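Letters A, B, ... are given to chains in the order of the sequence lines, protein chains preceding strands, and every chain is numbered from 1. The analysis underlying the following values was restricted to heavy atoms, covering all of them including side chains, and did not include hydrogens, waters or symmetry mates. Quick caveat, the model's predicted, so the values are computed rather than measured.
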Amino acid sequence: MAELPQPAEARPPGRVVLPPHRERARRPFADRARDWARHNLFPSRGGTLLTLISFALLVLLLCGVIWYVFFGADWSVVSSNRWLLFAGSFPRDEEWRLWVGVAVVFFMIGVAYGLWSRFNRRDLLFVAIASAFLIFLMAHGGAAAWSSIWFLVALALMFGGYVVAVRIPRDNSRLRVRANRIGIALIALALPIVLLILMVGGGAVSTDFDGFVLNVILAPVGIVGGLVVAIPLAIGRASSLRIISWTCTAYIELVRGAPLLGWLFVALFILDDVIGGSLVVRTMVVLAVFTGAYMAEYIRGGLQALHHGQDEAARAVGLSRRQTLQLIIMPQALRVSIPPLVGQAISIWKDTSLVSVILPMRELKGNADSAIAQTEFIADRIEAYVFVAVIFWIVAFTMSRISQRVERAQGVGER
Amino acid sequence: MTRLKYLRRTALLGLAAIIGALALVACSDDAQQQQVADAGDVPSATLAAVEERGELLCGVKQTQPLFGFREEDGSVVGFDIEFCKAIAAAVGDDIDVRYIDASDAATRFTLLASAQIDVLIRTTTITASRDADLKVDFAQTTFFTGQGFAVHADSGISSTADMNGATICVQTGTTTEQNLADHFTDLGYSYTPLGGTSPEIQEAFLQRRCDVFTADQSDLASRVSNFDNPANYRVLGQIISKEPLAPGVRDNDSEWKDVVNWVVHGLIAAEEMGITSGNVGAMAANPPNTTVARLLGVAFEGGEVANLGFGVDPQFIQRAIAAVGNYGEIYARTVGDAVPRACTLNALAIDDSVDCPAGTGGIQYAMPYR
């Protein structure tokens, strides 16, 4: 944005001199608003025309969306089928496990935000709108009071965790160091903890994972497993030992060379003979292997972005190879790679919808296909797909916002 | 190069070689075991596997209205699903059904061939090329339908004779598409096909981007009756192809195919004989005639129980009937009024009292069970 005209000449003598932005803020709101509008909306005849046209289009679009959401669409296909879409064949008696899992995840998000960031107004607005949307869906058509209450409990836990974590001072105290460690451990263990809650002591078996639950179990395994595979691959590819660098390169090129759909076929028909086990586990392996190949290249990019002086300096102060890698190189390389890594994470989140295209497993989108095969909802498929798209978007957008916070906290792009 | 580096390199190469060798051994080992397993599997491997597992792996479609879809509570339901339950009950009372999703048309036969399912029941049409190429054997047809047409009620179209130059919505890459082309070639008519997936062409038809919507007649009927204003559309009585929908089993397992086959026949026979899920217990305790006694696997007036030797006990059809009822009950419960039975080809065993276009009489009847 260009600089606004400086109103500073008219300043009366003897007043405290404020920085320009504070000075502008002192002017009456109406003045500021007029200046802003003239500057940004009506700078010239062409600009005014553009503003009017875009404004008209926006209003039209907004009216269309509002009309569709509140009057045009029949959301009963979604509200009647919320269980099918959410958990499908997950044992109904064990529903509480799902909600405890949701609560744990929400709590961890709250703790992470409290420890390393702050909820700002935009975050809260997003949480409020998303929650209102979900509660509206759960309450629509009745008989879902319990789900809404569970959801509110999870939300309360998120803010509870946030309020506690945010009070920990941001200094180098021992308390802070310990809190950071616990926070990292909690996040690393989130998925195993949730899986334990879902499965242990007569809970679900892996074939019960269905609908949205299947998406949110597969995607983190792909992302975390991918990172675990990727880091050694990236280091290995840069190795001076040819056999190692060739092996890593071969792996990366082989896996990246075929589409994910193809690798899912491998999970279905080839891994069955090679490693056996449940199809869910085989799919997890394939997702991690596939994501790992991409992430390795992003991390290699991060490694190459580092000046070799870093390596030399670390060696010069007497760090071993391992220490250099662990303390100097990887932290910086990973920080540089955050944006593409998150891009890959969001991509694999959306790719989980591929499993019901060819695998005998049904995730959210597959269950939407089943819902619109119910005779009373044959005519309501657009509503079902819009809902699926919105759910995918909410999760992807949350991931993107959290990653922006991590980037800011790590100072990506500033150094 | 320092000596140390050289040594390390050699060691790593050696290690890689050893791992490679181990992998090779493991692989060939696997292959041998596989061969042994296959060789020992001659008398119905599938039936033995189902009994041992305690579970029937039934490959079903989960996106087909009426035939295989999912209820709001997540359960899998539909006409095809009832036959899964019947087959499981026939194998044994303690056999559960696990539904394996075979919604994807492209992988369904591979799922069957790779033994990830025991039986495929998902509106699959019997065709010669599938039987020959795809390692599948078909059992008795459960549903006879054919390719039909839906039109807008005000279009004045009453058969393909009125369709010269029409735009026709047809699912891409199906036998439906080929049948349509053949039919119009025979008529000497021209038409404009509008392709897509079945939800896409449904939407195109609703928006009047095409005059005619063609698919399996049972599919059309169930869709049209649930459109917003069903009276604005009409499903024509004309059928231009045969689409017998049947359960598929793996090639070369004739004993398993026999079980599946005779469960279907048994359910149809039960309807012809008036045996229902409600009265099957009473019928078995006191069979009215020898035919019923033989079907239910019980003795008639102090005679012997007829064991036809299917690898399962003689009461298997009785258990299937007790679990899901006879063919008519299944039809009424799942397809019901959405596609009146007398308007399909499945109606021979019942009265043809519903007002339907001429020429749709039934062809569904049971083979003699003796």
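- Only the side chain of A:T207 comes within contact range of chain B, with at least one heavy atom under 4.5 Å from a heavy atom of that chain.
- Inspection of the A:Y385 and A:D369 side chains reveals an N or O donor paired with an N or O acceptor under 3.5 Å.
- Contact of A:L268 with chain B is made through backbone and side chain together, with heavy-atom distances under 4.5 Å.
- Remark: side-chain polar atoms of B:T214 are paired, donor with acceptor, to backbone N or O of B:G148 under 3.5 angstrom.
- Between A:F90 and A:F86, the distance separating the two ring centers is not shorter than 6.0 angstrom.
- At a cut-off of 3.5 Å, with distance as the only test, no side-chain donor of A:S370 or A:N367 sits close to an acceptor on the other residue.
- Side chain of B:R70 to backbone of B:G74: a donor-acceptor contact under 3.5 angstrom is found.
- Interface remark: of the candidates B:T107, B:I100, B:N226, B:N226 forms the most heavy-atom pairs closer than 4.5 Å to chain A.
- Only the side chain of B:Q116 comes within less than 4.5 Å of a heavy atom in chain A; its backbone stays farther off.
- Residue A:D272 touches chain B through its side chain alone, counting heavy-atom pairs closer than 4.5 Å.
- Contact annotation for B:L206: neither backbone nor side-chain heavy atoms come within less than 4.5 Å of a heavy atom of chain A.
- B:Y233 and B:F213 have their aromatic ring centers separated by at least 6.0 angstrom.
- In this structure, chain A has heavy atoms under 4.5 Å from both the backbone and the side chain of B:Q62.
- Between B:F205 and B:F227, the ring planes are tilted. Angles from 30° to 60° get that label.
- With a 4.5 angstrom heavy-atom cutoff, B:R98 touches chain A only via side-chain atoms.
- Contacts with chain A were tallied for B:L111, B:L66, B:V77; B:L111 has the most, counting heavy-atom pairs under 4.5 Å.
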